[in-house]
Amino acid sequence: TFTSLNYPGTSENWVTGINNAGTVIVGWYIDAGGSDHSYTVSNGTYTALPDYPGAKNTAATGVNDAGTIVGYHRNVGDPYYGFVLSGGTYTSVNVPNADYGSYHRGTRPEDINNAGMIVGYYIDAAGVSHGFVLSGGTYTTIHYPGASGTRANGINDVGTIVGTYWDVDDVQRGFVATPDILPSLT
C-alpha cells in the first residue's frame with residue numbers, strides 16, 4: 001500500500017525518515033518563496049518544526065523512537081550545517097574536517113538510531129564526500145575502500161550502516177557496512 005504524504009498547501013515535498021515504530025515520519029517541503037522547512041507526520045497529523053535559528057533552509061532527514069531528529073540547515077549560497085533537534089532545542093552537528101567555505105559543502109546528518117548514533121556525510125576542501133558516524137561526541141570518518149566518495153545514509157539499532165559510494169569510474173553504488181568497521185563504537 002502506498003500513501004501520499006504532502007505537507008498541506010505545498011507542491012514539493014521530501015519524506016526522508018521514519019522511526020522504527022513507524023509512528024513518526026520526518027520530511028521537508030519548499031514554500032512559495034523557495035525556502036525549505038521541516039515537518040513531522042504522526043497519526044496523520046502534520047506538525048511544522050521550528051526553522052533552525054537564522055537559517056533560510058531547514059531539512060529534517062532522520063528520526064529515532066525518542067523523537068530526536070537530525071538534519072541540516074543553510075542559507076542561499078552557503079554550505080550545509082548539521083543539527084540535532086531534541087525537546088525543541090537545536091544542537092549543531094558539524095564534522096571538523098568539512099569544508100565550510102564553499103557552497104554545497106559542509107555536513108549533512110542523514111539518520112539517527114535509538115542509541116543516538118548519527119550517520120551522514122561531509123564534503124572536504126578537495127570536494128570529496130566522506131561518510132561519518134557520530135557516537136558519544138566522537139566523529140569517525142568512514143570511506144568505502146577504493147571509492148572516490150562515500151555517503152552514509154542510514155543506521156539501524158545494531159549499528160549496521162547503509163550508504164552510497166562512487167567507484168573509480170564515478171558510478172554510484174550502494175553498500176552495507178557491519179558494525180565491525182567501527183570497533184571502538186560498538
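All residue numbers in this chain count up from 1 along the given sequence.
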Stepwise side-chain contact (heavy atoms from CB on, under 4.5 Å) test for T47 and T40: CA-CA 5 Å; T47 303; T40 63; 3.5 Å; yes
Evaluate side-chain hydrogen bond (donor to acceptor under 3.5 Å, both in side chains) for Y165 paired with R173, printing each intermediate quantity in order. CA-CA 5 Å; Y165 71 96; R173 310 272 186 195; 4.9 Å; no
side-chain contact (heavy atoms from CB on, under 4.5 Å) between Y46 and V41: does it pass, once the steps are laid out? CA-CA 5 Å; Y46 290 81; V41 182; 3.4 Å; yes
What's the verdict on side-chain hydrogen bond (donor to acceptor under 3.5 Å, both in side chains) for Y52 and S92, showing C-alpha distance, side-chain angles and the deciding distance? CA-CA 10 Å; Y52 191 93; S92 294; 3.2 Å; yes
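I69 is listed as a side-chain neighbour of L49, based on a closest heavy-atom distance under 4.5 Å. In this structure, the side chains of F132 and T107 come closer than 4.5 Å at one or more pairs of heavy atoms. Contact check for I161 versus F175: side-chain heavy atoms found under the 4.5 Å cut-off. Here the side chains of T140 and S135 are not in contact, with every heavy-atom distance at 4.5 Å or above. For the pair V63/N19, a side-chain contact is recorded, criterion being any heavy-atom separation below 4.5 Å from C-beta on.
No donor-acceptor pair closer than 3.5 Å links the side chain of T58 to the backbone N or O of H73. With N64 contributing its side chain and I112 its backbone, the two residues share no donor-acceptor pair below 3.5 Å. In terms of modelled atom types and a separation under 3.5 Å, the side chain of Y139 and the main chain of N94 share a donor-acceptor contact. At distances below 3.5 Å, not a single donor-acceptor pair connects side-chain atoms of N43 with backbone N or O atoms of T45. Proximity of a side-chain donor or acceptor of Y90 to a complementary backbone N or O of P50 within less than 3.5 Å is detected. A donor-acceptor pair under 3.5 Å links the side-chain atoms of S38 to the main chain of A60, judged by distance alone. Looking at N13, its side chain never comes within 3.5 Å of a backbone N or O of Y29 through a donor-acceptor pair. Side-chain atoms of T150 come within 3.5 Å of backbone N or O of Y144 as a donor-acceptor pair. Not a single donor-acceptor pair under 3.5 Å links the side chain of D157 to the backbone N or O of N113. Side-chain atoms of D65 never come within 3.5 Å of backbone atoms of N114 as a donor-acceptor pair (strictly under, hydrogens ignored).
Hydrophobic clustering, with ILVMFWY side chains joined whenever heavy atoms are under 4.5 angstrom apart, groups V15 together with I18. Placement of V95 and F83 in two distinct hydrophobic clusters is found when ILVMFWY residues are connected by side-chain heavy-atom separations under 4.5 Å, directly or transitively.
Across every non-hydrogen atom of M117 and I155, the tightest pair is O-CG2, 3.8 Å. The minimum heavy-atom distance between D124 and H130, with the atom names listed, is OD2-NE2, 2.8 Å. Scanning both residues, V119 and A152, for their nearest heavy atoms gives CB-CB, 3.9 Å. When every heavy atom of R74 is checked against every heavy atom of A55, the shortest pair comes out as O-CB, 4.1 Å. Residues G71 and P109 share a closest heavy-atom pair of O-CD, 3.2 Å. Nearest heavy atoms, P79 versus D99: CB-O, 4.2 Å.
Donor-acceptor pairing under 3.5 Å is recorded for the side chains of Y122 and T141. A donor-acceptor pair shorter than 3.5 Å cannot be found between the side chains of N6 and T10. For the 3.5 Å distance criterion, the side chains of Y80 and H104 qualify, holding a donor opposite an acceptor.
I123 CD1 to Y103 OH: the interatomic distance, rounded to the nearest 0.5 Å, is 11.5 Å. Residue T61 holds its OG1 atom at 10.5 Å from CH2 of W28, rounded to the nearest 0.5 Å. Rounding to the nearest 0.5 angstrom, the gap separating the CZ atom in R105 from the OG atom in S129 is 11.0 Å. In this structure, Y7 OH and W14 CH2 are separated by 15.5 Å, a value rounded to the nearest 0.5 Å. Considering OH of Y72 and OH of Y81, their distance stands at 15.0 Å, rounded to 0.5 Å. A distance of 7.0 Å separates CG of N75 from CG of N57, quoted to the nearest 0.5 Å.
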